[in-house]
Amino acid sequence: MVPLSWYIVLSAIVFSIGVFGFLARRNLIIVFMSLELMLNSVNISLAAFSHYLQSMRGQILVFFIITVAAAEAAIGLAILIAFYRNNPTIKVDEINLLKG
Amino acid sequence: MTIQQAFFSYFAGAIVALSLLVVTRKNPVHSVLWMLLLFVHIASLYLFLNAEFLAAIQIIIYAGAILVLFLFVIMLLNLRKEETEKRFQGQWPFGLAIGVVLAVFVVLIVGKIGVLPELGQYSVEAVKSEGHIMTVGKVLYTEFLLPFEIASVILLVAIVGAVVLAKRSLE
Amino acid sequence: METTDLVGLSGLRLIIPELTVICIALILLLLELIVKKKEVMAAVGIAGTLVALYGTFKLFGINGPGQAFANMFVLDGYANFFKLIFYVNVILTMCISLKYMAVEKASYGEYYALLLFSTSGMMIMASAADLIVLYLGLELMALSTYILAGLMRKQLRSNEAALKYFFLGAFSSAFLLYGISLTYGLTGTTNLKEIAASLQALNIADSPIVFLGLIFLIVSFGFKIALVPFHMWAPDVYEGAPTSITAFMSVGPKAAGFAVLGRVLFEAFGSMHVQWNAVLIPLAVITMAAGSVIALAQSNIKRMLAYSSIAHAGYMLLGIIAGTPGGLTSTVNYLMIYTFMNIGAFAVIIMLRREGFQGESIDDYMGLAKGHPLAAALMLIFMFSLTGIPPTAGFIGKFYVFMEAINSGHTNLAIIAVIFSVISAFFYLRIVMYMYMKDPKEDVVLTTSYSMNFALAITAVMVLVIGVFPSLLLDLVRVSIPG
Amino acid sequence: MLKYTLIPLLPLLSFIINILFGRNFIKDKAHWIAVPAVAGSFILAVSAFMDVTAGNVVNINIYDWIVSGDFHVSIGFLIDQLTSIMLIVVTSISTLIFIYSIGYMHGDGGYYRFFAYLSLFVFSMLMLVMANNFLLLYFGWEAVGLCSYFLIGFWFHKKSAADAGKKAFIVNRFGDFGFGLGVILIFLTYGSIDYVQVFSNAGSVVGQTINILGTDYDLITVICLLLFCGAVGKSAQLPLHVWLPDAMEGPTPVSALIHAATMVTAGVFMVARCNPLFNLSHTAMNTVAIVGGLTAIFAATIGLVQNDIKRVIAYSTVSQLGYMFLALGVGAYSAGIFHLYTHAYFKALLFLGSGSVIHALHDEQNMQKMGGLKKYMPITYAVFIIATLSITGIPGLAGFFSKDEILYRAYLGGDTGKFLWLLGTVAALLTSFYSWRLIFLTFHGKFRGTHEQEHHLHESPKVITVPLMFLAVGAIFAGYVGIPPLLMEHGDRIGEFLAPVLGHPHSEGSHAEEMMVMAGSVLVALGGWFIAYRMYIKSPELPKKVGEMFKPVYNLLFNKYYVDELYSKTLVQPVIKASDKVVLGFIDIKIIEGIVNGVPALIGAFSRKFRQVQTGHLSNYGLAMALGALAIIGYMIFMK
Amino acid sequence: MENIILNQLSYPILTYTVFLPVAGALLLLFMRNAGLIRVTTLLTTVATFVISLPLLTNFDKTTYKMQFVERHEWIPSWGINYFIGIDGISVLFIFLTTMLSVLSVLVSWKAIENKAKEFHTAVLALEAGMLGVFVALDFFLFYIFWEAMLIPMFLLIGVWGGPQRVYAAIKFFLYTLVGSVLMLVGIVVLYFTAGGTLDILTLSSLQYPLQLQFWLFLAFFAAFAVKVPMFPFHTWLPDAHTEAPTAGSVILAGVLLKMGAYGFLRFSMPMFPDATRMFVKPIFILSVIGIIYGALVCLAQKDLKRLIAYSSVSHMGFVTLGIFALNAQGVEGGILQMVNHGIVTGALFLMIGMIYERTHTRVIADYGGFATVVPWYAGLFIILTFASIGLPGTNGFIGEFLILFGAFKAQKLYGVLAATGVILGAGYMLWLYQKVFWQTPDPDYGPSGRHPVRDLDLREVVTLAPLIILIFWIGFYPNVLLSYMHASVEHLLQDVNMSAYAGKETLIAQLKEIF
């Protein structure tokens, strides 16, 4: 039997990797993917909890998270495209018109 | 170490490694491809956890829809010069530090997870007897009707939003 | 759970307001195809909102009938009052948007639909009794708002605002989900009431894991209500987004964030009051400090109001920190008042915008009182209200919050808050000073419309009336959220 | 009662009418209102005097002035022997000077104003002497100061006049500061500030002490000394004498009335009035006497070398006031008042006479530019001689009687008394010298002014000379109310008259002693004349020689012991400098304003600094969020 | 509640008095013609004055109780009432406020050309606010008026003021706001300590623990000391006074400064008697410093208005000194001196405004010999000068004397030190008078000069006349005002001197406990 904590630790590590990606990468698309990574890490822990609790809720939430992730991807990439049309860059550190 | 633990260890190791690859590859297309592999591994983990339906939609939606969308956009934006430039930004050491510290903190805290509340009605046997998809469907359409409906609205908004924002010209 | 109604369709009655709003939004989407006049769209939107408002209070009274959908959805006074805030917010936003969006060349029909979608998301958040519903409502609201922020597709500012809002919003969502997952794992449920029961039953209220989950929840809610240091998006997004959306955002998502923050902390984690207070108190202090102080150096009025909005979040947080029903009441009361004064202020900002003139720089307000005494007078009222000077509503809001903070023993916090409110007075006064005490640089032409005038009239009158007869509002709040 | 009220009220009415309508309507007819008013007061005063001689001492309260807690004070009058004498002095001299002013001030732009102020002064002075409590006394006290301020600064376009007015008021404030505190202390001690109650209870607090900065002092002494502060200021005693010589910037009738005859004697009056208190404090009495004696000789020495005719008389006034205090200090209150009364006449005469001279010379006041006026102005010369004889104490004239009484009483006052007597006698010598010097320089010898002045020289008109003559009569005969017992049994009628108020002198000496003192004073008076005669008539070059010989002394005297300079250097300039440079420039602007403006500036600097945190980079924002979350988690871990 | 007397008149006189200006202000919103606006404002202020007169005539001087009381429910959920009434302390300030408002409208008749409507609206709003402060018997109501007043005053200074007006206005606003928000915290603490009421009379009748008293006193002190203003919180005053338009300066000096001291009397003393006694010494010290300091700074001033402004610091030092003497003479003198200061300094500002209209300079050195140029003006000015110095016969004397009396009675040393302020006061005022009015005038200002300066006209004399009359009236018959105060002051002092922690030793012991 795999202990629950293994899953949770895995989830935590992946989450942290996602955070690292979000904070460190320049390319917005990869930043976005880091976000997806974070969501997936949550999904792992939710599924694990769900399993170990013998409850359905976690899995249902995973389902919704995936749904929302899809919607987010659509909107996020649309925003990215709209932005790219006006300012052809997707470098995080080149986007600072608004500041102060 | 039981066999399950060994398998888990492999998958966990792979997931971590793949995650790192995703966030460190210079070429976004490579990242996407590593991510595809990552999703397959995660789906496998779901199977471990007796969540067949999740494994399925992980592949179908995440890999099939979302990642494809990413690929589309990468292609659309035609990011050639990307490969010649720095992949990390100036603050990456901070990002790394935060990532590491966060991991340490969270692992320190959650690693001790032990006590779980009383078990629910959906034991592995119970789910197996009815079939996972059946169980999920039942729950989804009764207990979780409201969230389900909300999710539908969210998708609608996503469509509308994507159209409004990304359409070349409205007038 | 109702056994006879497995699907829980009987609960539909409770979500009539939400349904109404969503339906109107759908109708607007369709209507956009046939109707070209945006006034009609706005009118339908406002009418629909009014129907929903009527529905909310006619069907359920102030206190609401209770729960539905497997206890995931709750309709109580708390939720109803927040809904009132959302209705007011969306109606006023629509009123001030009409001419403005045309000037910005972003007058899409979807605008109104998205406003309503966003509102419905907020309403769901307010009524959410389950973390899953809460998450979905939050995402509904957030996704709509991301789009709205980026609606001026041709303007880089707007794009950038949407971009930043989206990425950071998603980032915070991930924290939210992580928090939810930990909470779920430890308590075995996502239902707020059951979480509370579980914490009690399993005696895990002092478990660090639960607290970690709670911290993640607070981080993500803190993002929505723009607490320092999770506020970084706010100034940029407020500045870049269309002004009407800035007005909308500065109230709606913030209120919704407080709605869930209040509900989650009080209903689910009431037993961990001490722990979350230890987190919230420093957050409140630095929020008030950063908001008040950084606003001083701003030259763009939208940006300044963004920082002001951050500072106000700090004040509102005092009510939550108090940890009493009264404290919650005071926060809600503050939010209602904040709605009027903030949208009023933004309405005046919008009036200055016209073809070829941004009207966002503070310098543009020089000598406004000379050419447009009425507009200047209204701005004056809103500025003093935001400062919290009687006899405006802003004072009542602040007073109540301070009162509850002190009542719960946080006198030091109240003293810090009043000090920062003095600092904040400086930049509000600066606007007044520019309007009244400087000579105009150039002639400012105001863009007005009937709906704009209506919105201004409503906000100004409410600010003054609540300021002088606070009972009108107080009684309502106190009935909604019984102490 | 109306009669008594009318005494001060008539001049007040005159003031009000003149000040309101003088400028536009009355103009140069102002004396038609002022003179009858003050003359009316004089008649009423005489009537009041009759009442008092008939034994009717009046003490009436007109209305409650201030009521607060247990503090209660009325506007009310006490008309007893002392007051009635003062009334006569004030009103009679005023009337004469008013008449004199008609001629003297003729054609002045502020003619109406002059009469208005003078009327106000008379009102104030009458209030001062008629008051039946300390606070009302204080009212009159300050009010006469006000009038003095107005009248010194009457020709306000002259800077010196303006400065002098201000100086007089402010110097007096120093004295009043003490006086005011004295009044308060009296109430706190006796629970009342009515004369009658205070004086009847005066003895009840003997031996009580008051703690000042940790040391215990005798309560009554403190009270008396505080009151005496006021007297020092008002009567120009050391060290607050500096304002009086400067006050000569005012028109000469003012100098005569206010700065010689009446106002400056208010201090004497007040101390005499408070004799029941002073009698209880040996220290206070001695202080009064010594201050008086020192002032007498101090001012007299300065008077020796001054050239301004009015200043000489002014220093003479200071000196004579010192005499009066000397008398009060040795307990000879009636002698002091007696001298006050005689002095009023001869000093007013001197001033008005000098006014006549100045008038004739078109505002020339320097005696070195006069001389030989005898033949042009015989009447003026005559009255000057009379006044001088009187002031130097030549037997038979008013000054002789009062001065002699003072010196005699001083002589009787033990060892201190002897010393005081010596001071007084030396002062008398000096007085005699400078008085004669004045006459010789002014009226004898050759005229040293310009030809044009010489051409215009003439005797003054009737309206000026007639009051002079009246005053001359006073200067001769006023003394006969107080003939010393040596010359006439029961001759001291004024002493007897005042005895109910002032009591009897403490000690009586022998005839021989009295004779000795009298002879001594007559001798020094003649000696003074002789020296002056030697120096200014016989050998006019002598003064210069003497001056050269005692150059340092001469300079010291000529510069009035540098007292003004001393005050300026040690008090006035430091205060003004400190207020500008230290208080305003440093404390107010640098420190307080620095903090007040510094805090917002600091916040502003913070603001500008912290807004840079908002870099605009998405990832930085994310970093902040993550850091925030991390900080909270860390806090949670380490706080556990 | 026994210690109130309900309004016996047939109409709510206090409400009318307070809100008539508001009604007038609302009326102004519909007017365009500047002349009409002026007339309306004048009529409104006059009407307010007339309406307020029955307060004086129908006042029952024999009782300390609150009179003309009106009480209505206002915010029931917080237990807050619309509760107004006056006693012997506040009645005089009502009178002063309504009178000075009339005069400040009169003096602005020609001076205000720009934005006349806003100006007069602000003046009326200000009047209502000030009146409200003096009648409020509910702390919440009080605070509303207290703060609301800042807005019109801020605008008056900032819009119609002198060259440095913006700086002055913001300084004024923020400075006073800092103080009042701390008071706000104090109010709330008090609210809960008293069990959910802000009724001033109830709050005054309760006893609070010493430690609480200590802190609350400090919180209230922050608000009141700034308003008074006491050294070292005074620096807003010279700027505000100097830059404000004449009407603003008059109201500022005449009424606004009084609110701080009024606050001490109405709140600090009866509510925190022990803390009050504890703080007597520090306040005495600050007051004495203020007296001397203000006077010294005056000596160094080069600007007419600034000099008068700093003289206010000095004079208000007397007021606080008197009030905290805690005896009948001191307190009554303090109150009287507040009225006096309102009259005299108000009149001084009026006069400076009048001369400024003519010469457009406030620099003292630009003047000289004006007694020849404008004799009537000079004549009235000298009256004010001497009233300010405190010459007997003027109102200033009565106030100062009673204060010094009270202070001397309480603490001899401070009484003596404060009395030196009287000397300095004469110094700077006479210096001012000499510089401005004496010596030879600049021929430019003469009738044939380049900028002929005319003497006062009828409107201006009418504006000043009431104040001049009051100066002498009070000077010779102060009981006309003092008699109103006796009962209230006596009651106040009873409150202060009777409390659980009587005795000095206990106080010090308790103080040690606090820290």
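Just so we're clear, the structure is a prediction, and the values are computed from it rather than from any experiment. Just so it is clear: chains get the letters A, B, ... in the order the sequence lines come, proteins before strands, and each one is counted from 1.
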Between [atom1] of [X] and [atom2] of [Y], what distance do you get to the nearest 0.5 Å?
{"X": "F15(A)", "Y": "L177(C)", "atom1": "CZ", "atom2": "CG", "result": "8.5 Å"}
{"X": "K99(A)", "Y": "M232(C)", "atom1": "NZ", "atom2": "CE", "result": "13.0 Å"}
{"X": "L46(A)", "Y": "I180(C)", "atom1": "CG", "atom2": "CD1", "result": "8.0 Å"}
{"X": "L136(C)", "Y": "L61(A)", "atom1": "CG", "atom2": "CG", "result": "8.0 Å"}
{"X": "Y146(C)", "Y": "I75(A)", "atom1": "OH", "atom2": "CD1", "result": "9.0 Å"}
{"X": "N159(C)", "Y": "R85(A)", "atom1": "CG", "atom2": "CZ", "result": "10.0 Å"}

Mind telling me whether F22(A) and F167(C) have parallel, tilted or perpendicular rings, with 30° and 60° as the class edges?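 Plane angle between 30° and 60°, so tilted.
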
Which region of [X], side chain (C-beta onward) or backbone (N, CA, C, O), has a non-hydrogen atom less than 4.5 Å from a non-hydrogen atom of chain C, or is it both or neither?
{"X": "A12(A)", "result": "both"}
{"X": "L28(A)", "result": "both"}
{"X": "S50(A)", "result": "both"}
{"X": "L53(A)", "result": "side chain"}
{"X": "I95(A)", "result": "both"}
{"X": "Y52(A)", "result": "neither"}

Per-residue contact mode, [X] against chain A (heavy atom under 4.5 angstrom):
{"X": "A161(C)", "result": "both"}
{"X": "S299(C)", "result": "neither"}
{"X": "N300(C)", "result": "neither"}
{"X": "R157(C)", "result": "both"}
{"X": "E139(C)", "result": "side chain"}

Which pair of non-hydrogen atoms, one from V42(A) and one from A174(C), has the smallest distance, and what is that distance?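 Looking at all heavy atoms of both residues, the closest pair is CG2-O, 4.1 Å.
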
If every non-hydrogen atom of Y184(C) is compared with every non-hydrogen atom of R57(A), which pair is closest and at what distance?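 Y184(C) and R57(A) have their closest heavy atoms at CE1-CB, 3.6 Å.
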
Chi angles and distances behind the side chain to side chain contact (heavy atoms under 4.5 Å, CB included) call for S173(C), E72(A): CA-CA 11 Å; S173(C) 287; E72(A) 258 182 11; 4.2 Å; yes

Within the structure provided, determine whether I65(A) and Y135(C) are in side-chain contact (heavy-atom separation under 4.5 Å).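 Answer yes - side chains close enough.
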
Please check if any side-chain donor atom of Y178(C) sits under 3.5 Å from a side-chain acceptor atom of S41(A), or the reverse.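 Not at all, the side chains of Y178(C) and S41(A) share no donor-acceptor pair under 3.5 Å.
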
Is the distance from the ring center of F166(C) to that of F32(A) below 6.0 Å?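 Yes, the ring of F166(C) comes within the 6.0 Å limit of the ring of F32(A), centre to centre.
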
Test your reading of the model: is there a side-chain donor-acceptor pair from K164(C) to the backbone of L98(A), 3.5 Å cut-off?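 Pair found, side chain donor or acceptor close to backbone of L98(A).
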
